[in-house]
Enquirer: 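Below are the structure tokens for one structure; questions will follow.
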Amino acid sequence: MIFYSTNGQAPAATLEKAVVKGLAEDKGLYMPERIKALPQEFFDNIENLSFQEIAYTVADAFFGEDVPAADLKAIVYDTLAFDCPCVKVTDNIYSLELFHGPTLAFKDVGARFMARLLQYFLKKEGSEQVNVLVATSGDTGSAVANGFLGVDGIHVYVLYPKGKVSPIQECQFTTLGKNITAVEVDGVFDDCQALVKNAFMDKELNAHMKLTSANSINVARFLPQSFYYFYAYAQMKKLGLADELVVCVPSGNFGNICSALFGKKMGLPIKRFIAANNANDIFFKYLQTGKYEPKASVQTIANAMDVGDPSNFARVYELYGKSHAAICADISGATYTDEQIAETIRKVKSDTGYVCDPHGACGFQALQDGLNAGEVGVFLETAHPAKFKDTVDAILNESIEIPAKLQAFMKGTKQSVPMSKDFSDFKKYLLSE
Ligand SMILES: *Cc1c(COP(=O)(O)O)cnc(C)c1O
């Protein structure tokens with residue numbers, strides 16, 4: 001498969017180059033040149049297939065030309081070693097729980113898939129050890145660290161701001177050991193990001209060690225998220241509820257919903273989508289006005305969606321031939337304040353017993369507000385509520401249970417490398433590695 005850049009100024013790339021490089025030379029995002037439609041009999045029979053079987057069929061359409069079947073199958077089956085059930089919340093609203101993976105959030109699938117695909121290409125190239133640098137304010141670091149854990153040939157450095165990450169988040173990447181090193185930076189998230197950027201640009205460092213990123217715009221991280229939507233459809237079809245299916249995606253950088261839109265282009269019969277935003281309403285405004293106006297992000301209680309310039313907007317725009325009307329025909333929007341999110345979490349709990357996390361709550365509310373008669377909605381519960389325990393506990397005025405998987409991280413021993421925010425210190429450290 002050939003990949004082209006959304007900015008149109010970079011040469012086309014192979015899958016291998018797109019995965020190893022991440023971003024195109026012109027800073028555009030890679031798009032597959034073709035999106036293959038899946039055969040009707042796949043959809044006719046989908047409810048009888050397992051999550052892995054469904055995902056492999058989808059993965060084959062994107063990656064099958066470049067990765068031998070046995071390798072691709074091994075990557076898919078290793079990535080999807082857990083379930084994501086559709087759970088009934090009300091008569092016409094279901095929650096697709098994407099929090100049964102290692103770090104209890106939906107980014108686990110993309111991170112693991114990317115780790116394994118990158119490993120496949122590095123082995124093929126006979127490459128020496130590769131070092132992944134990732135800056136995190138919390139969630140990305142844990143997904144990437146756990147996705148790459150134990151993948152030989154790749155070492156991961158997670159840079160995070162000292163004292164600015166919650167203890168529950170911190171333990172998910174500081175207790176792993178093996179090929180994961182946590183670097184605790186005496187600074188803020190932007191300092192961590194600056195250290196990573198400087199490292200990629202430093203000639204001496206790049207001569208000393210092979211560096212790469214695990215950015216969320218990488219095709220190997222974002223495309224596998226489409227597996228979720230095919231599986232959700234299969235589950236709803238089994239229940240006889242898939243005829244007028246509306247899928248609502250709590251969105252920040254728009255990678256997740258973008259993968260769903262790729263699924264629709266492949267023939268997945270989802271009637272329409274809703275992109276649920278928190279107070280960062282750039283996409284919501286775009287739908288209303290046709291103007292895309294990025295701005296600084298504002299902090300909310302659904303903080304994984306605090307994005308003021310969603311990077312995957314470029315992909316959505318490209319996918320719909322840059323047509324505002326075409327985008328509006330498939331996707332509507334919604335936006336919620338922190339107060340509304342809190343009210344939804346309270347109301348859903350008291351009405352149904354279900355506990356939403358702040359991101360999923362935006363999704364639920366957008367369906368509640370936007371479903372038409374006859375439609376059935378599925379929202380993506382993108383993280384386990386215990387990942388945002390302080391927030392959710394305060395809203396519900398109770399102490400929600402922490403799943404065993406999260407408790408296991410909390411029992412581990414924290415190990416991190418203390419670092420100043422000066423690049424010279426970080427460089428000296430990497431050169432000594
Ligand atoms: C990353 C994230 C989102 C937003 O996903 P995008 O692909 O950036 O739109 C939503 N919820 C949670 C919990 C996340 O971690």
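Counting starts at 1 for both ligands and their atoms, following the listed order.
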Enquirer: Taking atom types as modelled, find out whether Asp152 and Asn179 have a side-chain donor-acceptor pair closer than 3.5 angstrom.
Expert: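 No.
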Enquirer: Just say parallel, tilted or perpendicular for the rings of Phe173 and Tyr160, cut-offs at 30° and 60°.
Expert: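 Phe173 vs Tyr160 ring planes: perpendicular.
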Enquirer: Among all protein non-hydrogen atoms, which one is nearest to atom 13 (C) of ligand 1, and what is the separation to 0.1 Å?
Expert: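 Here the closest protein heavy atom is Thr382 OG1, 3.3 Å.
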Enquirer: Can you tell me the protein heavy atom closest to atom 1 (C) of ligand 1 and the distance?
Expert: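 So the nearest neighbour among protein heavy atoms is Lys107 NZ, 1.4 Å.
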Enquirer: May I ask you to list the atoms of ligand 1 that are less than 4.0 angstrom from any heavy atom of Phe254?
Expert: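 Those atoms are 6 (P), 8 (O), 9 (O).
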Enquirer: To the nearest 0.1 Å, how far is atom 4 (C) of ligand 1 from its closest protein heavy atom, and which atom is that?
Expert: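 Protein heavy atom with the smallest distance to atom 4 (C) of ligand 1: Gly252 N, 3.6 Å.
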Enquirer: Return the closest protein heavy atom for atom 8 (O) of ligand 1 as residue, atom name and distance.
Expert: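 Looking only at protein heavy atoms, the one closest to atom 8 (O) of ligand 1 is Asn253 N, 2.8 Å.
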Enquirer: Over all heavy atoms of both residues, which pair between Tyr292 and Tyr286 is shortest? Give the atoms and the distance, please.
Expert: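 The pair with the smallest heavy-atom distance is N-CD1, 3.8 Å.
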Enquirer: Do Glu53 and Tyr77 touch side chain to side chain, with heavy atoms closer than 4.5 Å?
Expert: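 Result yes, sub-4.5 Å side-chain heavy-atom pair found.
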Enquirer: Which atoms of ligand 1 have any heavy atom of Ala383 under 4.0 Å away?
Expert: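 Selected atoms, number and element: 13 (C).
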Enquirer: Just say parallel, tilted or perpendicular for the rings of Phe379 and Tyr354, cut-offs at 30° and 60°.
Expert: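 If you compare the ring of Phe379 with that of Tyr354, the planes turn out perpendicular.
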Enquirer: Determine whether any heavy atom of Phe106 lies closer than 4.0 Å to an atom of ligand 1.
Expert: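 Phe106 counts as a contact of ligand 1 under the 4.0 Å cut-off.
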Enquirer: Taking only heavy atoms of Gly255, which atoms of ligand 1 are found under 4.0 Å from at least one of them?
Expert: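 Ligand 1 atoms under the 4.0 Å threshold to Gly255: 6 (P), 7 (O), 9 (O).
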Enquirer: Ligand 1 versus Met305, non-hydrogen atoms closer than 4.0 Å: side chain, backbone, both, neither?
Expert: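 The side chain, only.
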Enquirer: Counting only nitrogen or oxygen atoms and a 3.5 angstrom limit, does Asn256 reach ligand 1?
Expert: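 Yes, there is a polar N/O contact under 3.5 Å.
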Enquirer: On a heavy-atom basis, which atom in Ala386 and which in Ile168 lie closest, and how many Å separate them?
Expert: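 That would be O-CD1, 3.7 Å.
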Enquirer: Numbering the atoms of ligand 1 from 1, which are under 4.0 Å from a heavy atom of Asp139?
Expert: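 Atoms satisfying the 4.0 Å criterion: 15 (O).
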Enquirer: What part of Lys387, side chain, backbone, both or neither, has a heavy atom within less than 4.0 angstrom of ligand 1?
Expert: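 Looking at Lys387 and ligand 1, no heavy atom falls under 4.0 Å.
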Enquirer: Which label fits Phe283 and Phe313: parallel for a plane angle under 30°, tilted from 30 to 60°, or perpendicular past 60°?
Expert: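 Because their plane-to-plane angle is over 60°, the rings of Phe283 and Phe313 count as perpendicular.
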Enquirer: Is the number of heavy atoms from other residues, nucleotides or ligands under 6.0 Å of Lys265 NZ greater than 12?
Expert: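 Yes, the 6.0 Å shell around NZ holds more than 12 heavy atoms from other groups.
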